[in-house]
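Below: the structure, in structure tokens.
Computed from a prediction, not measured in an experiment: that's the story for all the values here.
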Amino acid sequence: MRDKVIYSSPNFDPKVFLSWVHKDTSAADLEASALTLKTDLKGRTQQKKLLVKENFDCFVSCKTTIDDIESKLRQIEEDPEGAGTAHLYSVTLKISGVANRAFEPRL
């Protein structure tokens, strides 16, 4: 039952929540609270839209920077002589193979 009344639970059940937690709350109070929540949600949505609108150039700049970093990382990764992780991994495998062959008889 506890899982059904905790609003952050994946098993949350609004009907159980209302009947259990708000069993003594009047219908008028529930309706007024629902209207308040809807109004608050609309206000927050408007605030988010305004935030994005006022900072749109910052969002575009961040996206451009992220795309630039991704492009540079891709170039590094694709360069066979570069310091990309694929190149370093293959070199490390070769070194490990040589070390295993050299020290295997002693170990």
Side-chain angles (χ1 to χ4, degrees):
M1 182 66 123
R2 175 177 240 164
D3 254 8
K4 292 184 177 187
V5 296
I6 297 175
Y7 63 87
S8 60
S9 167
N11 298 322
F12 175 74
D13 185 339
K15 291 177 183 176
V16 172
F17 177 82
L18 287 174
S19 65
W20 185 263
V21 176
H22 289 285
K23 60 185 171 198
D24 296 327
T25 306
S26 70
D29 286 344
L30 288 173
E31 288 175 358
S33 295
L35 181 61
T36 301
L37 286 172
K38 286 178 185 176
T39 304
D40 184 52
L41 180 61
K42 284 181 185 177
R44 289 175 188 254
T45 301
Q46 289 301 96
Q47 287 175 343
K48 286 180 193 174
K49 286 180 182 179
L50 183 61
L51 178 70
V52 170
K53 189 174 185 178
E54 289 175 349
N55 295 289
F56 187 74
D57 57 333
C58 291
F59 289 116
V60 171
S61 176
C62 289
K63 173 71 169 115
T64 303
T65 301
I66 291 169
D67 288 346
D68 187 43
I69 291 170
E70 179 188 17
S71 173
K72 288 178 181 176
L73 288 173
R74 188 173 288 122
Q75 287 174 357
I76 290 170
E77 191 64 36
E78 291 172 355
D79 183 3
E81 297 300 318
T85 55
H87 176 68
L88 293 175
Y89 179 73
S90 68
V91 170
T92 304
L93 282 179
K94 289 177 185 175
I95 292 169
S96 179
V98 171
N100 284 337
R101 284 191 303 276
F103 294 110
E104 189 172 21
R106 290 178 183 87
L107 297 175

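Put simply, SG on Cys58 and CG on Leu51 are 9.5 Å apart, with the number rounded to the nearest 0.5 Å. Here the straight-line distance linking atom OG of Ser8 with atom CG of Asp3 works out to 9.0 Å at 0.5 Å rounding.
Every residue two or more places apart in sequence or in another chain that forms a side-chain hydrogen bond (donor to acceptor under 3.5 Å, both in side chains) with Arg44 is listed here: Asp40. Looking at residues two or more places apart in sequence or on another chain, you find a ring pair (Phe, Tyr, Trp, His ring centres under 6.0 Å) between Phe12 and Phe17. Taking Lys15 as the reference, nothing meets the side-chain hydrogen bond (donor to acceptor under 3.5 Å, both in side chains) condition, with sequence neighbours excluded. Legend: residues meeting salt bridge (Lys or Arg N to Asp or Glu O under 4.0 Å) with Asp67, ordered by chain and number and at least two apart, are Lys63. In terms of the side-chain hydrogen bond (donor to acceptor under 3.5 Å, both in side chains) criterion, Asp57 has no residue partners (sequence neighbours excluded). Considering only residues two or more places apart in sequence or on other chains, Lys94 meets the salt bridge (Lys or Arg N to Asp or Glu O under 4.0 Å) condition with none of them. Legend: residues meeting side-chain hydrogen bond (donor to acceptor under 3.5 Å, both in side chains) with Asp13, ordered by chain and number and at least two apart, are absent.
Grouping Ile, Leu, Val, Met, Phe, Trp and Tyr by side-chain contacts under 4.5 Å, direct or through others, puts Phe59 with Val52. The hydrophobic cluster around Phe56 extends to Val60, counting ILVMFWY residues whose side-chain heavy atoms fall within less than 4.5 Å of a member. Residues Leu73 make up the rest of the hydrophobic cluster containing Ile69, defined by ILVMFWY side-chain heavy atoms closer than 4.5 Å, directly or through other members. Hydrophobic cluster membership for Ile95: Val91 (Ile, Leu, Val, Met, Phe, Trp, Tyr linked by side-chain heavy atoms under 4.5 Å, directly or transitively).
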Output side-chain donor-acceptor pairs under 3.5 Å for residues 31-38, partner residues at least two apart or in another chain, one line each.
| residue | atom | partner | partner atom | Å |
| --- | --- | --- | --- | --- |
| Ser33 | OG | Asp29 | O | 3.0 |
| Thr36 | OG1 | Ala32 | O | 2.9 |

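Under the 4.5 Å side-chain heavy-atom criterion for grouping Ile, Leu, Val, Met, Phe, Trp and Tyr, Trp20 is connected to Leu30 within one hydrophobic cluster. Ile6 and Val21 sit in two unconnected hydrophobic clusters of ILVMFWY residues. Membership requires side-chain heavy atoms under 4.5 Å apart, directly or through other members.
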